[in-house]
Trainee: 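Below is one structure. I have some questions about it.
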Amino acid sequence: ATVRTVGLAWRVPGVEDANLRLDLYDITIDNGIGALGAETVLGQCLATGAAVFCDAIERAPDGALTAISARLQNLAREETRGVDLEADWTVGAFGGRLGQRVLLSYVDERQLVAFPGAEPLFGAGGYDPDRFGAIPEWRGRYRLDWTRDTLKLGYRAQWIDAIEERGGEVFPGTVNRAGSVLYHDLFAELGLGRFTVGAGIDNLTDVRPPFLANADEANTDVATYRLLGTTYWLRLGARFGG
């Protein structure tokens with residue numbers, strides 16, 4: 001594996017407790033372990049005739065397909081490149097402390113080359129269940145907290161950029177745009193001696209995950225999107241000893 005990263009941290013002058021961080025990464029993995037879906041195996045066998053794909057296809061004596069092995073294997077190369085930008089600052093406000101944090105992530109490249117000489121399979125900005133799942137080019141998170149003594153109030157936002165669904169085994173040739181989503185969360189927390197009481201609302205605006213035709217039974221990418229609508233929660237914590 002080859003990992004190249006560059007990071008820059010900057011304390012903003014004249015602004016109390018303000019920081020800015022920029023990280024660039026470029027990662028290459030050779031002979032990484034992964035699995036390709038059945039459609040990819042068929043397509044690459046037809047296009048290249050390579051044994052690594054064609055040997056994974058089983059046929060009946062009449063030539064009909066009976067099984068396709070999508071087992072884990074050493075894939076030739078995976079590459080990813082992107083940028084992370086983070087900013088946070090804290091100021092005095094309303095008799096307490098008001099803190100904010102913003103995180104933006106951009107994926108410039110995400111690709112896989114199954115064996116030397118094969119066509120690269122691209123993933124950034126799209127959804128493909130055979131290769132990467134959902135990889136939005138842009139993601140963002142925002143946090144706002146206000147604290148005073150043992151009281152803490154907070155707001156969270158999570159943004160996921162639009163993606164394009166391509167291919168798939170269920171509906172081959174699919175081209176489907178899934179729009180961007182924005183989640184809002186609220187919470188409050190109060191310390192009472194050794195106990196802490198918290199309550200909140202997740203997914204305040206009841207955002208539904210985008211429909212992906214070639215996904216599994218959930219009809220979406222469960223690793224990227226939230227499955228639950230508006231959710232109310234209550235939490236009680238206790239600290240012992242010390």
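Residues: numbered from 1 along the sequence shown.
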Trainee: Quick one, Tyr25 and Val107 - any side-chain contact, counting heavy atoms below 4.5 Å?
Mentor: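 Yes, at least one pair of side-chain atoms sits under 4.5 Å.
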Trainee: Sequence neighbours left out, cut at 3.5 Å: what donor-acceptor pairs do the side chains of residues 50-59 make with other protein atoms?
Mentor:
unit_1: Arg59; atom_1: NH1; unit_2: Gly63; atom_2: O; d: 2.8

Trainee: With sequence neighbours excluded, tell me which residues meet side-chain contact (heavy atoms from CB on, under 4.5 Å) with Leu192.
Mentor: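 side-chain contact (heavy atoms from CB on, under 4.5 Å) check on Leu192 returns Leu190, Val197.
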Trainee: Would you call Leu20 and Leu85 a side-chain contact if the rule is heavy atoms closer than 4.5 Å?
Mentor: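 In short, these two side chains touch, coming nearer than 4.5 Å.
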Trainee: Passes side chain to side chain contact (heavy atoms under 4.5 Å, CB included), Asn203 versus Leu228? Steps please.
Mentor: CA-CA 8 Å; Asn203 196 358; Leu228 297 179; over 6 Å; no
Trainee: For the side chain to side chain contact (heavy atoms under 4.5 Å, CB included) test, which of Glu78, Arg81, Glu79 pairs with Arg110?
Mentor: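 Output: one option passes, namely Glu78.
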Trainee: So does Tyr142 get a backbone contact from the side chain of Trp159, meaning a donor-acceptor N/O pair under 3.5 Å?
Mentor: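 Absent.
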Trainee: How long is the span from the CZ atom in Arg21 to the CD atom in Glu86, to the nearest 0.5 Å?
Mentor: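 It is 4.0 Å, given to the nearest 0.5 Å.
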Trainee: What heavy-atom pair brings Gly140 and Leu104 nearest, and what distance separates the two atoms?
Mentor: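 Distance-wise, the nearest heavy atoms are CA-CD2, 3.9 Å.
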Trainee: Go through the side-chain N and O atoms of Asp84 and Ser105 and say whether any donor and acceptor fall under 3.5 Å apart.
Mentor: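 Judged by distance alone, the side chains do pair up.
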Trainee: Is there any salt bridge (Lys or Arg N to Asp or Glu O under 4.0 Å) pair reaching into residues 134-147, and which pairs are they, with sequence neighbours excluded?
Mentor: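 Checked against salt bridge (Lys or Arg N to Asp or Glu O under 4.0 Å) - neighbours excluded - the pairs reaching residues 134-147 are Arg143-Asp145, Asp145-Arg156.
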Trainee: Please list all pairs meeting ring-ring contact (aromatic ring centres under 6.0 Å, His included) that have one or both residues in residues 175-199, counting only residues at least two apart or in different chains.
Mentor: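 Listed by first then second residue: Tyr155-His184.
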Trainee: Rounded to the nearest 0.5 Å, how far does CD of Gln158 lie from CG of Leu103?
Mentor: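 Atom-to-atom, Leu103:CG and Gln158:CD are 10.5 Å apart.
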Trainee: Treat each ILVMFWY residue as a node, draw an edge where side-chain heavy atoms are under 4.5 Å apart, and state whether Trp233 and Leu186 are in one component.
Mentor: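 No, separate clusters.
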Trainee: With a 4.5 Å cut-off on side-chain heavy atoms, are Leu98 and Leu144 touching?
Mentor: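 When only atoms from C-beta onward are counted, Leu98 and Leu144 do touch, with a gap below 4.5 Å.
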Trainee: Could you tell me whether the side chain of Thr231 and the main chain of Gly229 form a donor-acceptor pair under 3.5 Å?
Mentor: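 Yes; judged by distance alone, with no hydrogens or angles, the pair exists.
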Trainee: Would you indicate whether the side-chain heavy atoms of Val83 and Leu22 approach each other to under 4.5 Å?
Mentor: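 Contact flag for Leu22/Val83 side chains = yes.
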Trainee: Taking only residues two or more places apart in sequence, or in another chain, which ones meet Tyr232 in a side-chain contact (heavy atoms from CB on, under 4.5 Å)?
Mentor: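 Checked Tyr232 against side-chain contact (heavy atoms from CB on, under 4.5 Å); matches are Ile201, Thr230.
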Trainee: Can you tell if the side chain of Thr224 reaches within under 4.5 Å of the side chain of Ile163, non-hydrogen atoms only?
Mentor: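 Sidechains of Ile163 and Thr224: no contact.
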Trainee: Between Ala188 and Leu153, what is the shortest heavy-atom contact and its length?
Mentor: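 In terms of heavy atoms, the two residues are closest at CB-CD2, 3.6 Å.
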Trainee: If two hydrophobic side chains count as joined below 4.5 Å and joins carry through other members, does Leu227 share a cluster with Ile160?
Mentor: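 The answer is no; the residues belong to distinct hydrophobic clusters.
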Trainee: If two hydrophobic side chains count as joined below 4.5 Å and joins carry through other members, does Leu46 share a cluster with Leu65?
Mentor: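 Hydrophobic grouping puts Leu46 apart from Leu65.
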Trainee: To the nearest 0.5 Å, how far apart are CZ in Phe211 and CG in Asn219?
Mentor: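 Reported to 0.5 Å precision, the distance equals 5.0 Å.
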Trainee: With the 4.5 Å side-chain cut-off for hydrophobic clustering, are Leu24 and Leu8 part of the same group?
Mentor: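 Shared cluster, yes.
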Trainee: Taking the side chain as C-beta and beyond, is there a heavy-atom pair between Tyr225 and Val181 under 4.5 Å?
Mentor: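 Yes; the side chains approach each other to less than 4.5 Å.
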Trainee: Of all heavy-atom pairs between Tyr127 and Ala134, which one has the smallest distance, and what is that distance?
Mentor: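 Result for this residue pair: CD1-N, 3.3 Å.
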Trainee: Within this structure, what is the CG-CD distance for the pair Asn214 and Glu165, rounded to the nearest 0.5 Å?
Mentor: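 Separation between the atoms: 4.5 Å.
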Trainee: Group every Ile, Leu, Val, Met, Phe, Trp and Tyr by side-chain heavy-atom contacts under 4.5 Å, then state whether Leu151 and Phe94 land in the same group.
Mentor: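 They do share one cluster, since a chain of ILVMFWY contacts under 4.5 Å joins Leu151 to Phe94.
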Trainee: Would you give the length of the straight line joining atom CD1 of Ile27 to atom CD of Glu109, rounded to the nearest 0.5 angstrom?
Mentor: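 The CD1 atom of Ile27 sits 11.5 Å away from the CD atom of Glu109.
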Trainee: Please list all pairs passing the salt bridge (Lys or Arg N to Asp or Glu O under 4.0 Å) test where one or both residues lie in residues 218-227, with sequence neighbours left out.
Mentor: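 Listed by first then second residue: Asp185-Arg226.
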